[in-house]
A.B. asks: 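So that we are looking at the same thing, I have put the structure below in structure tokens.
Both backbone and side-chain heavy atoms feed into the values below; hydrogens, waters and symmetry mates do not. Below, chain A is the first sequence line, B the second, and so on; all start at residue 1. Note that the structure is a prediction, hence the values are computed from the model and not measured.
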Amino acid sequence: MRLSQYFMPILKETPKEAEIVSHRLMLRAGMVRQQSAGIYSWLPLGLRVLRKIEEIVREEQNRAGAIEVLMPTIQPADLWRESGRYDDYGKEMLRIKDRQGRDFLFGPTNEEMITEIFRASIRSYKDLPLNLYHIQWKFRDEVRPRFGVMRGREFLMKDAYSFDVDEAGARASYNRMFVSYLRTFARLGLKAIPMRADTGPIGGDMSHEFHILADTGESEVFCHSDYPDMAVPDADIDFRDDSTLAAIVNQWTTPYAATEDMHDENEWGQVPEANRISARGIEAGHIFYFGTKYSQAMGARVMTPDGSETPVHMGSYGIGPSRLVAAIIEAFHDDNGIIWPKSVTPFDVGIINMKPGEKACDEACEILYAQLQGGEGSSGLDVLYDDRDQRAGAKFAGMDLIGLPTQVVVGPRSIKNGEVEIKDRRTGERVNLTVEAALNKLREDH
RNA sequence: CGGAGCGUGGCGCAGCCUGGUAGCGCACCUGCAUGGGGUGCAGGGGGUCGGAGGUUCGAGUCCUCUCGCUCCGACCA
């Protein structure tokens, strides 16, 4: 993408409503624009990051055996009357009437609808386990939206729903999602810690919130210092191997980790003082088992091997990609701006042409730009080429602000020797290389 | 929903107390110069001062109502 032809409205000054760093940087980098309290438009740069996160989430859900569907944002109220939640959900649910005066709502979550889909088609334990997910916009009319997309009213959520014939099966499904989440967050460059969470009326030990430690987190969390360095399963993990998954989950749930709600001073006291981490956390994911709560109320039953009929056991598993954009920025930034992990960067490489119009600079840039992107059908890099006729300082500042991990600087001074400069956004290190050597290095690095 | 605060050009703000021609910085446009970390000079365009009503000869400024937004608390991916 040539910056001169792109839409990336970066701001020099910080809009005053933005309080936390991720919100400030997202506005300044032109990633989003607020349209109303807690409601945002995603501008090109922000959308690219959102899509990358979404794709990683999708790949890891698929790897774990979940199957993608897409349910609507608008749901009929009658479904929610069946489960009893139409009245229970309260003002957080945005209620809408259509032209016939029928009641609808903008979905805050999809348990009812997925249960309806399930009961319409599945009759036998032989079709289980089943895990269906979608990535769709949700609306919760929060009392107090804040912190930009971190707590918006409209937000993108991946929500998966598992169906099993009994609790043992549900536990296996739960473990698959647990491990899938470990992998997902690791791929996003984040260290997420699974914390015991409230299971509500079901009880038991099957609910975890995945928290990212950050000063701006909204929750107070307590965990063992072993967590941040624990090894995450590789991509070749076998998601059909229930016992291996159970062992991993066991390993990841043994050290102490709890949010404020579930915090137990007695157990906490048994953690050696040097190993206690008491910090703020951003809730990036939440998984739980809720048994037959909806299947019972909505008549989602299957036949068991012994010929009896039983309500299906369900769990749900949420990750918020839009919130994760902000969470990643909270975790990766410096005074100059964002520093994207390579897996989610909106562009892999930024090329800065120090002096557009000067032949040697233009030529070197065009070669780099074309070669790095590769030809049609090639899996080349995403490249942002700053070809604008603008003072160099502004270009550097802008490129740092938007946080591309690798920048290539092409200027008259070094191109005289046939060289360009490659800069690492994270370390600030710069090396001079010939155009050819630079191409090779960049291809290798990505 | 309780408490606090803010709405003046795209962004950041001053002006309001004490009513009298709507201002500054950034951004934007034109020209010249400049070119290795938010460039200099000169010229220029853009604002129903959130909205409605009122007081007044006259309202950005005073009064009433209203809408929007932000922050702090209780709730949530």
A.B. asks: What's the closest nucleotide to the R430(A) side chain, out of G36(B), G38(B), G37(B)?
C.D. replies: G37(B)
A.B. asks: Can you list everything that forms a ring-ring contact (aromatic ring centres under 6.0 Å, His included) with Y294(A)? Sequence neighbours excluded, please.
C.D. replies: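 Testing Y294(A) for ring-ring contact (aromatic ring centres under 6.0 Å, His included), a comparison that skips the adjacent residues, returns F290(A).
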A.B. asks: With heavy atoms under 4.0 Å as the rule, sort E421(A) into base, sugar-phosphate or nothing.
C.D. replies: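 Contact class for E421(A): base.
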A.B. asks: Heavy atoms under 4.0 Å, any strand shown: does M157(A) hit a base, just sugar-phosphate, or nothing?
C.D. replies: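 Sugar-phosphate only.
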A.B. asks: For the base of G25(B), is there a side-chain donor-acceptor partner from E13(A) under 3.5 Å away?
C.D. replies: yes
A.B. asks: Starting the side chain at C-beta, find the nucleotide from A77(B), C6(B), U39(B) nearest to R391(A).
C.D. replies: U39(B)
A.B. asks: Salt bridge or not for E444(A) and K441(A), using N-O below 4.0 Å?
C.D. replies: no
A.B. asks: Can you tell if the side chain of D348(A) reaches within under 4.5 Å of the side chain of K342(A), non-hydrogen atoms only?
C.D. replies: no
A.B. asks: Report yes or no: is the cationic atom of R388(A) (NZ for Lys, CZ for Arg) under 6.0 Å from the centre of the six-membered ring of Y6(A), at an angle within 45° of the ring normal?
C.D. replies: no
A.B. asks: How is E142(A) classified with respect to the nucleic acid when contacts are heavy atoms under 4.0 Å: base, sugar-phosphate, or nothing?
C.D. replies: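 E142(A): base contact, heavy atoms under 4.0 Å.
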A.B. asks: Base, sugar-phosphate, or nothing: which does K158(A) touch, judged by heavy atoms less than 4.0 Å apart?
C.D. replies: nothing
A.B. asks: Does C76(B) have its OP1 or OP2 closer than 4.0 Å to a side-chain nitrogen or oxygen of R140(A)?
C.D. replies: no
A.B. asks: Tell me whether the count of non-hydrogen atoms from other residues, nucleotides or ligands lying under 6.0 Å of CZ in R51(A) goes above 12.
C.D. replies: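 Counting other residues, nucleotides and ligands, CZ of R51(A) stays at 12 neighbours or fewer.
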A.B. asks: Heavy atoms under 4.0 Å, any strand shown: does I287(A) hit a base, just sugar-phosphate, or nothing?
C.D. replies: nothing
A.B. asks: Classify N353(A) by what it touches in the nucleic acid, base, sugar-phosphate, or nothing, heavy-atom distance under 4.0 Å.
C.D. replies: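 Touches nothing.
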A.B. asks: For C24(B), which nucleotide is its Watson-Crick or G-U wobble mate, given both distances must be under 3.5 Å?
C.D. replies: G12(B)
A.B. asks: Write down the distance separating the P atoms in A4(B) and U61(B), rounded off to the nearest Å.
C.D. replies: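 The same atom, P, in both gives a distance of 23 Å.
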A.B. asks: Write down the distance separating the P atoms in A42(B) and C24(B), rounded off to the nearest Å.
C.D. replies: 14 Å
A.B. asks: Could one point to a donor on the side chain of Q390(A) or the base of G35(B) with an acceptor on the other under 3.5 Å away?
C.D. replies: no
A.B. asks: State the pairing partner of C71(B); accept Watson-Crick or G-U wobble contacts with both distances under 3.5 Å, and report none otherwise.
C.D. replies: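 Looking at the geometry, C71(B) pairs with G3(B).
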A.B. asks: Over all strands shown, is G357(A) touching base, sugar-phosphate only, or nothing at heavy-atom distances under 4.0 angstrom?
C.D. replies: nothing
A.B. asks: Mind checking if A284(A) touches a base, just sugar-phosphate, or nothing, with heavy atoms under 4.0 Å?
C.D. replies: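 If one applies the 4.0 Å heavy-atom cut-off, A284(A) turns out to touch the sugar-phosphate alone, with no base involved.
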A.B. asks: Could you please name the option among A74(B), G38(B), G36(B) that lies closest to any side-chain atom of R28(A)?
C.D. replies: G38(B)
A.B. asks: When we call it a touch if two heavy atoms are under 4.0 Å apart, what does T109(A) touch: a base, just sugar-phosphate, or nothing?
C.D. replies: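 If one applies the 4.0 Å heavy-atom cut-off, T109(A) turns out to touch nothing in the nucleic acid.
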